[in-house]
Amino acid sequence: RSILILSILFGFYFTNSLLSFLLDKSINTIFIAILITLIMELAIRSYLLSSFSKFSIFIMSINNFRIGSTYALILEAFKLGS
């Protein structure tokens, strides 16, 4: 259970720090948000199409990382008001 909770928190921390770092740069952040969303969708597809057991700890931790990352992305969008 602790690995799964840590993967959620690490996904949140990684995406939050990545977004806050990239917002300071003069990079178009819309493309970065699209890229992060695309990576999350690929993680979902790999989870659904995996030949491993659906309850494998590695697959579940990737899925929890994705959930934490999605939460950070949504929270940042609410903070920015967009």
Side-chain angles (χ1 to χ4, degrees):
R1 241 187 279 189
S2 62
I3 292 174
L4 299 179
I5 292 172
L6 283 175
S7 63
I8 288 175
L9 294 175
F10 184 68
F12 176 78
Y13 174 74
F14 179 75
T15 305
N16 198 11
S17 63
L18 180 70
L19 288 176
S20 63
F21 173 73
L22 293 176
L23 286 176
D24 292 337
K25 304 294 180 191
S26 62
I27 300 172
N28 196 351
T29 57
I30 294 172
F31 294 118
I32 294 169
I34 291 172
L35 181 67
I36 290 173
T37 307
L38 182 67
I39 290 170
M40 286 183 231
E41 287 296 321
L42 288 174
I44 291 171
R45 302 294 183 232
S46 67
Y47 174 70
L48 293 176
L49 298 175
S50 68
S51 62
F52 298 115
S53 172
K54 295 293 181 187
F55 299 110
S56 171
I57 192 76
F58 180 70
I59 299 296
M60 289 174 65
S61 64
I62 289 175
N63 195 32
N64 284 353
F65 182 86
R66 180 192 58 84
I67 291 169
S69 180
T70 303
Y71 180 71
L73 190 65
I74 300 292
L75 187 66
E76 192 70 30
F78 278 126
K79 285 195 296 187
L80 294 176
S82 58

Heavy-atom neighbours of L75 CG exceed 12 at 6.0 Å: yes
L4 with I67, same ILVMFWY side-chain cluster at under 4.5 Å: no
Output the distance between atom NZ (K79) and atom CD1 (I74), rounded to the nearest 0.5 Å. 13.0 Å
When you check the side-chain N and O atoms of S69 and T15, is any donor under 3.5 Å from an acceptor? yes
Return the minimal non-hydrogen interatomic distance between A72 and F12, and the atom names on each side. CB-CD1, 3.4 Å
Inter-residue atom distance L73.CG - F78.CZ, 0.5 Å rounding: 11.0 Å
The reported gap from CG in N64 to CD1 in I57 (rounded to nearest 0.5 angstrom) is 8.5 Å
